[in-house]
Protein chains: 2
Amino acid sequence: MTRLSFFLVAMATTAGLVAFSAPGPRHVNGQANDHGSDQSMGKSSDQANAQPAGPYVTEIPKGYRDWRWVSSAHEAGKLNSLGALLANDTAYNAFRDGKYPFPDGSILVALHYKNVPSDENNKIFGQVQSFVPGAPTNIQFMVKDSKKYAATGGWGFGHFQNGKPATAAFMKPCFPCHQKTASTDLVFTHYTP
Amino acid sequence: MTRLSFFLVAMATTAGLVAFSAPGPRHVNGQANDHGSDQSMGKSSDQANAQPAGPYVTEIPKGYRDWRWVSSAHEAGKLNSLGALLANDTAYNAFRDGKYPFPDGSILVALHYKNVPSDENNKIFGQVQSFVPGAPTNIQFMVKDSKKYAATGGWGFGHFQNGKPATAAFMKPCFPCHQKTASTDLVFTHYTP
């Protein structure tokens, strides 16, 4: 596995963030399912031409930016991402109380940004030291609806870049990878107290 | 300035976090005012023996963990910190709407943790790649009360480790440093949209 592909895989399942994809062949060649940057998005024709046909989240839930903080995450290396996982009240309360599985109505959002040095801060200190969220790269969701998303463990997965959802082909590996976190109802992120 | 002391200074004023201290002499020798780790806390006798006598925040505001997310920050190097800035509703709305100065009643909290690799995630990938919040290091507050904290720009500064407030000596550099961010009402952190 190349170094780049590792970054993609790592971001796919981790960072304490939502993490939507499985380390499948598309990861090995480093071409897709990057969950923390725009490096691979939109490069394959199927992504550009098709809308998700499967049980994926294709509309951005409203008000997500005002939800509460579950945890932050930093992805090192070329991905170089900094982000946060937020949750709506239903999901947040379940996280905080450690109550799994998450009830229907739970929605998680992973906000991903480039991890950039703070010029404002570093100017004072004369050295690159502090890193803050830069340009947004993508936004990911997990929406719990045990009926609508019964085929994927009750969770609908969503990935948006520039407001547009990823394709079904792009989203397909999400569920298989999240199945590895069965003990936390398919959610990788842990609540940070 | 030594490398270590730089880390301390950097954390003091940045990370997009609250940032409470000035790069004064105590920073230069790397002994105090570390806002993102426990490396320097409790090392000086005045910290251990005295409670803040000045206009500082000496009681932890209730409910802060449920406040909303303003931004995340990562401090590289030996400080190796990962954290988040949260705000109560009054402060959050001002942040979001870019309305300065913050109204009375605004409270900001910077939650600092060690930046640690996620063993759970990295185990899957066989490489250290993903970083998440580890052990908490300290919690910092800025409380806006234009009368109570008139001497420090209307802001009360607070720094807590293991639930205990830092000393007045430790807190003294906060205000002078925050004065460098007058255009954002003494707050370093920017709202991440």
Side-chain angles (χ1 to χ4, degrees), chain A residues 1 3 6-7 9-17 19 23 36 65-77 79 81-86 89 92-93 96 111 113 115 117-118 120-122 124-134 136 177 180-181 184 188-193, chain B residues 1 3 6-7 9-17 19 23 36 65-77 79 81-86 89 92-93 96 111 113 115 117-118 120-122 124-134 136 177 180-181 184 188-193:
Chain A
M1 190 181 293
R3 185 168 174 78
F6 174 77
F7 293 139
V9 171
M11 197 59 194
T13 63
T14 60
L17 291 189
R65 182 57 188 81
D66 289 343
W67 296 347
R68 287 179 284 174
W69 180 70
V70 176
S71 192
S72 295
H74 166 55
E75 286 294 307
L79 190 55
S81 172
L82 184 62
L85 185 84
L86 310 184
D89 286 349
Y92 182 82
N93 293 339
R96 186 183 54 190
L111 302 171
Y113 308 86
N115 180 52
S118 168
E120 187 177 8
N121 298 334
N122 294 325
I124 298 174
F125 306 115
Q127 185 172 318
V128 175
Q129 171 63 32
S130 301
F131 294 87
V132 296
C177 188
K180 296 178 182 178
T181 58
T184 51
F188 280 86
T189 303
H190 298 286
Y191 176 83
T192 296
Chain B
M1 189 180 294
R3 185 167 176 77
F6 175 76
F7 293 140
V9 171
M11 197 60 195
T13 62
T14 60
L17 291 186
R65 181 58 188 82
D66 289 342
W67 295 346
R68 287 180 283 172
W69 180 71
V70 176
S71 192
S72 296
H74 166 55
E75 286 294 308
L79 190 55
S81 172
L82 185 61
L85 185 85
L86 310 183
D89 286 347
Y92 182 82
N93 293 339
R96 185 182 53 190
L111 302 171
Y113 308 85
N115 180 52
S118 168
E120 186 178 9
N121 297 334
N122 292 325
I124 298 175
F125 305 116
Q127 186 172 316
V128 175
Q129 171 62 34
S130 302
F131 294 87
V132 296
C177 188
K180 297 177 182 177
T181 57
T184 50
F188 279 86
T189 303
H190 297 287
Y191 176 82
T192 296

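Computed over heavy atoms, backbone and side chain alike; hydrogens, waters and symmetry mates excluded. Reminder, nothing fancy here: chain letters follow the sequence lines and each chain counts from 1.
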What pair of heavy atoms forms the shortest contact from A:G83 to B:S72, and how long is it? O-OG, 3.3 Å

Between B:A76 and A:F131 the two heavy atoms that sit nearest each other are CB-CE1, 3.6 Å

Main-chain N/O of B:P193 paired to A:Y113 side chain as donor or acceptor, under 3.5 Å: yes

For the residue pair B:Y191 and A:R65, what are the closest heavy atoms and their distance? OH-CG, 3.2 Å

B:L111 and A:T192, any side-chain heavy atoms less than 4.5 Å apart: no

Toward chain A, the part of B:P117 with a non-hydrogen atom under 4.5 Å: neither

Angle between ring planes, A:H74 versus B:H74, binned at 30° and 60°: parallel, tilted or perpendicular? parallel

Any idea which heavy atoms bring A:D66 and B:R96 closest together, and the distance? OD2-NH1, 2.7 Å

